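Just so it is clear, the structure is predicted and the values come from calculations on it, not from any experiment.
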Number of protein chains: 2
Amino acid sequence: MNIQFKKGVLELCVLSILSHRDCYGYELVQEISKNITISEGTIYPLLRRLMDDGMFTTYLKESSEGPPRKYYTLTARGRQEQAALAAEWRRFVTGVNLIVEGEHGE
Amino acid sequence: MNIQFKKGVLELCVLSILSHRDCYGYELVQEISKNITISEGTIYPLLRRLMDDGMFTTYLKESSEGPPRKYYTLTARGRQEQAALAAEWRRFVTGVNLIVEGEHGE
DNA sequence: CAGGGTACCTTTTTATGCAAGGTAGCAAGT
DNA sequence: ACTTGCTACCTTGCATAAAAAGGTACCCTG
């Protein structure tokens with residue numbers, strides 16, 4: 001998969017999944033991987049960045065299948081950002097499709 | 001506009017426009033700008049890179065409105081790449097939309 | 001106690017868009 | 001003649017974000 005396509009979009013993906021329910025990092029990788037390829041080394045720096053930007057808070061929860069999981073919960077700011085990014089994504093895709101399709105149906 | 005979204009996509013845009021007709025660099029900026037924002041300083045390094053990759057050939061043509069224009073013509077390789085990138089773009093958008101929309105209609 | 005899956009994390013590398021700058025041709029106005 | 005503004009080409013240095021590669025540690029099974 002084209003790596004460059006993902007720039008900025010993974011942020012939208014993380015925020016979108018968290019807008020439905022709380023997840024821990026490893027789980028986010030698995031969720032996103034269902035639709036687009038992502039490597040584990042990508043998610044943690046991304047989560048840290050979004051955390052620093054105040055997009056979510058975290059809490060730890062024990063697991064019987066391994067080490068404790070760090071769950072992420074969206075803040076109001078995070079929800080706002082998700083909505084804004086999603087809207088911009090839709091506008092962007094529309095614009096690109098017009099260019100790719102040739103703006104008049106080939 | 002989110003700069004990151006554009007990563008890799010501008011390459012697809014350039015190839016797509018050139019798959020319809022030959023253009024010169026400055027013209028490509030104007031065409032792309034109709035739908036998504038792009039700065040002039042972006043197009044020339046991109047054109048050089050794609051040129052080095054054998055995506056197109058060039059020819060000069062005089063203009064009465066300024067300096068001579070350098071037109072770009074897609075090679076067979078360029079057409080192939082355009083089709084491949086467009087297909088990947090569509091797959092990618094589908095995957096992202098599934099994540100953003102929540103995969104079940106919210 | 002070794003292996004495999006879960007789960008966290010960091011550092012370095014690579015790719016690409018942008019800002020800012022430069023050169024030059026041409027036309028219109030003063 | 002000179003300035004302004006548009007056309008049209010180009011380059012250098014910076015910022016960003018994903019990946020590769022690596023590390024730590026938990027838990028269960030054989």
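Residue contacts for B:Glu40: at a heavy-atom cut-off of 4.0 Å it reaches a base atom on one of the strands shown. Counting non-hydrogen atoms under 4.0 angstrom, A:Gly41 reaches a base of the nucleic acid.
The nucleotide range of DNA chain D contacted by chain B, defined by atoms under 4.0 angstrom from heavy atoms of the protein and reported 5' to 3', is D:dT7 to D:dA17. Contact footprint of chain A on DNA chain C: nucleotides with an atom under 4.0 Å from a non-hydrogen protein atom, first to last in 5' to 3' order, C:dT6 to C:dT16.
The two residues B:Gly54 and B:Thr75 come nearest to each other via the heavy atoms O-OG1, 2.8 Å. Taking each heavy atom of B:Ala86 and A:Val100 in turn, the nearest pair found is CB-CG1, 4.1 Å. When all heavy atoms of B:Ile17 and B:Cys23 are compared, the pair lying nearest together is CG2-SG, 3.8 Å. The minimum heavy-atom distance linking A:Val29 with A:Ser33 is given by the pair O-OG, 2.6 Å. Across A:Leu15 and A:Met55, no two heavy atoms sit closer than the pair CD2-CB, 4.1 Å.
Shown for residues 50-64 of chain B: residues whose heavy atoms fall under 4.0 angstrom of DNA chain C, namely B:Ser64. Contacts between residues 2-16 of chain A and DNA chain D, defined by a heavy-atom separation below 4.0 Å, involve A:Ile3, A:Lys6, A:Lys7, A:Gly8, A:Leu10, listed by number. A heavy atom closer than 4.0 Å to some atom of DNA chain D occurs in no member of residues 84-93 of chain A.
Identified under the side-chain hydrogen bond (donor to acceptor under 3.5 Å, both in side chains) test for residues 86-95 of chain B, with sequence neighbours left out: A:Asn97-B:Trp89, A:Glu101-B:Arg90. Residue pairs meeting the salt bridge (charged side-chain N to carboxylate O under 4.0 Å, His left out) criterion with at least one partner in residues 57-66 of chain B, sequence neighbours excluded, are B:Glu65-B:Arg69. Judged as a side-chain hydrogen bond (donor to acceptor under 3.5 Å, both in side chains), the pairs with a partner in residues 36-51 of chain A (not counting sequence neighbours) are, in order, A:Lys6-A:Thr37, A:Ser39-A:Thr42.
Partners of A:Thr58 by side chain to side chain donor-acceptor pair (under 3.5 Å), not counting sequence neighbours: none found. B:Thr73 pairs by the side chain to side chain donor-acceptor pair (under 3.5 Å) definition with B:Asp22, not counting sequence neighbours. Contacts of B:Glu27 classified as salt bridge (charged side-chain N to carboxylate O under 4.0 Å, His left out), with partners at least two apart in sequence or in another chain: B:Arg21. Residues meeting the side chain to side chain donor-acceptor pair (under 3.5 Å) test with B:Gln82, sequence neighbours left out: B:Ser16.
Mapping B:Pro67 and A:Ser39 onto DNA chain D by nearest heavy atom places B:Pro67 closer to the 5' end of the strand. Taking for each of A:Arg69 and A:Thr42 the nucleotide of DNA chain C with the nearest heavy atom, the 5'-most of the two is the partner of A:Arg69.
Taking the six-membered ring for Trp and thresholds of 30 and 60 degrees, B:Tyr72 and B:Phe56 have ring planes more than 60 degrees apart, a perpendicular arrangement.
For A:Gln80, the CD atom sits in a loose shell: 12 or fewer heavy atoms of surrounding residues, nucleotides or ligands are nearer than 6.0 Å.
A heavy-atom distance below 4.5 Å is found between the side chains of A:Ile36 and A:Ile32.
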